[in-house]
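The next block holds one structure in the form of structure tokens; read it before the comments.
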Amino acid sequence: MWIKSSQLHEQDALAKEITPRAMFESRRVLLKGLTGAGLSLSAMGSNTAFAQSTPVTSNAPKALPLIGAHSNVAGAYVVEKATSQADASSYNNYYEFGTDKGDPVKNAHTLKTTPWSVQVEGLVKKPMKITLEDLLKVHPMEERIYRMRCVEGWSMVIPWVGYSMSELINKVEPLGNAKYVEFVSLADPKTMPFVGSGILDWPYTEGLRLDEAMHPLTLLTFGMYGEVLPNQSGAPVRLVVPWKYGFKSAKSIVKIRFVEKMPATAWNKAAANEYGFYSNVNPNVDHPRWSQATERRIGEDGLFAKKRKTLMFNGYEPQVGQLYAGMDLQKNF
Amino acid sequence: MRAWLLHRHAKKTLLLLCLLPFALLLYKVINDNLGPNPAEALIRATGDWSIRFLCIVLLVTPLKVLTHSPALIRFRRMIGVSVFAYVTLHLLCYAGFDMGFDLEDITKDILKRPFIWVGFLGWVFLSMLALTSTNAAIKWMGVTRWRRLHQLVYAVAVLAVVHFYWMKSAKHNFNEVIVYGSILGFLLFWRILAAFKAKFYSTHA
């Protein structure tokens with residue numbers, strides 16, 4: 001993807017309002033580097049020389065830059081302080097690499113993200129096996145700053161980079177009887193130490209109703225904080241569904257399947273009474289073992305701060321509320 | 001070994017050892033060294049140390065019998081009180097950092113969540129044991145009744161494992177639960193076996 005230099009100033013002006021200063025400034029340098037080097041983002045999968053030659057990435061030496069343009073999607077920008085990149089990339093749930101939140105950052109270096117391709121199959125007119133390079137070119141990258149609420153009761157604000165899942169869905173043209181989309185994560189016991197353990201039924205699978213997957217906020221995500229996703233955050237491609245608990249957003253996706261019946265999902269199979277198919281963030285529906293009314297914002301709510309109130313649909317009710325009109329959310333949790 | 005156990009500094013050394021995890025946690029709090037979610041880290045760490053001290057205190061009697069070192073019993077009270085201290089810290093961390101010391105919220109939470117009330121009940125039992133941990137209490141209650149009351153520690157062990165199991169079931173990872181559960185299970189089993197043996201010998205003597 002090319003960012004035209006004429007668009008840059010406008011994007012920067014908008015981005016400045018919601019982006020932490022340091023991040024914004026580093027992005028300016030990045031953009032300069034990008035323009036200067038004449039790089040396209042599709043180089044992400046192969047060009048490692050760039051990361052080594054650019055001075056900007058010195059604080060995260062291996063990460064390649066991935067810049068998203070300003071997004072016009074309603075709800076794309078949360079006006080809240082972004083969680084620090086250090087916290088967001090060291091406090092993760094990615095069970096394939098361990099169940100402690102400090103495990104993925106320690107163990108995920110073994111994940112091999114090149115070459116990578118995603119199989120799109122099932123009830124679509126144009127099934128395809130699409131390489132990461134081609135997937136990156138489906139639509140221009142956008143920046144989205146979303147709240148991320150974990151089912152465990154903590155939250156972050158993360159600047160993601162990607163494009164609406166609907167762009168890919170439109171490309172493969174779902175058939176009339178496609179009602180759900182299933183996402184399958186990589187399950188490679190050679191590189192993922194916990195695949196094969198009895199914790200979950202591998203591969204990790206997740207699912208959305210087709211209209212949820214088509215919602216413009218549902219982001220097919222390739223980067224965060226202006227860089228390609230680190231392995232522990234689900235590189236090289238993951239989903240981000242900001243109004244649902246974090247586990248609904250499948251990581252390291254290798255297969256996207258369009259189906260007629262509600263697909264089985266990993267956590268629902270493990271504990272159906274605790275993790276429903278929808279798993280929308282809802283302060284009024286408690287987890288059987290803990291309340292969901294409040295949450296702790298990582299890095300911000302100190303030891304003695306009272307936890308903050310969790311918002312209906314994680315604050316995305318104006319955008320997504322109508323998807324669930326008339327539905328009993330106590331039953332369809 | 002015996003000389004070592006009876007050394008006049010032995011108890012002071014043990015006290016320092018018992019305080020060591022607390023000091024380490026305090027150090028981490030002061031230096032903001034508890035990771036991205038310090039509240040969770042503190043609740044977890046105090047819980048971990050609670051169950052570890054519980055394992056240690058229940059190890060004293062079997063160790064005493066198996067190694068024929070009656071002197072070991074001098075240390076049991078201090079370790080037992082440490083269990084209570086760490087569980088109290090654990091409860092305070094939960095009440096403070098998770099619930100913001102809101103008594104109404106805490107009461108609701110305890111009633112609503114079996115995993116919390118199981119833990120809370122364990123603390124109530126332990127506080128009864130801590131309150132009666134003095135020589136005066138033993139004298140006042142009489143040894144037999146005191147012993148019976150202090151057998152509550154076995155119930156505490158079961159509650160602790162249930163509490164831990166429930167907490168870990170969210171993660172579906174029971175490795176640690178299995179480790180602590182086996183240790184505590186083994187220590188309780190040893191006592192049952194010892195009780196049977198004693199009964200057998202007393203009726204067949």
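In what follows, every chain begins at residue 1, and chains take the letters A, B, ... in the order their sequences are listed.
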Does the pair A:K309 and A:E295 meet the rule for a salt bridge (Lys or Arg N to Asp or Glu O under 4.0 Å), with working shown?
-> CA-CA 6 Å; A:K309 292 225 178 319; A:E295 66 197 50; over 6 Å; no
Go through the steps for A:K255 and A:E182 under the test salt bridge (Lys or Arg N to Asp or Glu O under 4.0 Å), then give the verdict.
-> CA-CA 8 Å; A:K255 200 175 279 182; A:E182 185 185 12; over 6 Å; no
With a 4.5 angstrom heavy-atom cut-off, which part of B:I116 approaches chain A: side chain, backbone, both or neither?
-> neither
Which portion of B:F115 sits near chain A, non-hydrogen atoms under 4.5 angstrom | side chain
Quick check, are the ring centers of A:F194 and A:W202 under 6.0 angstrom apart?
-> no
Ring centres of A:F313 and A:W243 under 6.0 Å apart?
-> no
Pick from B:D109, B:D98, B:V29 with the largest number of heavy-atom pairs that fall under 4.5 Å of chain A | B:D98
Chain A heavy atoms under 4.5 Å from B:D102: which part of the residue, side chain, backbone, both or neither?
-> side chain
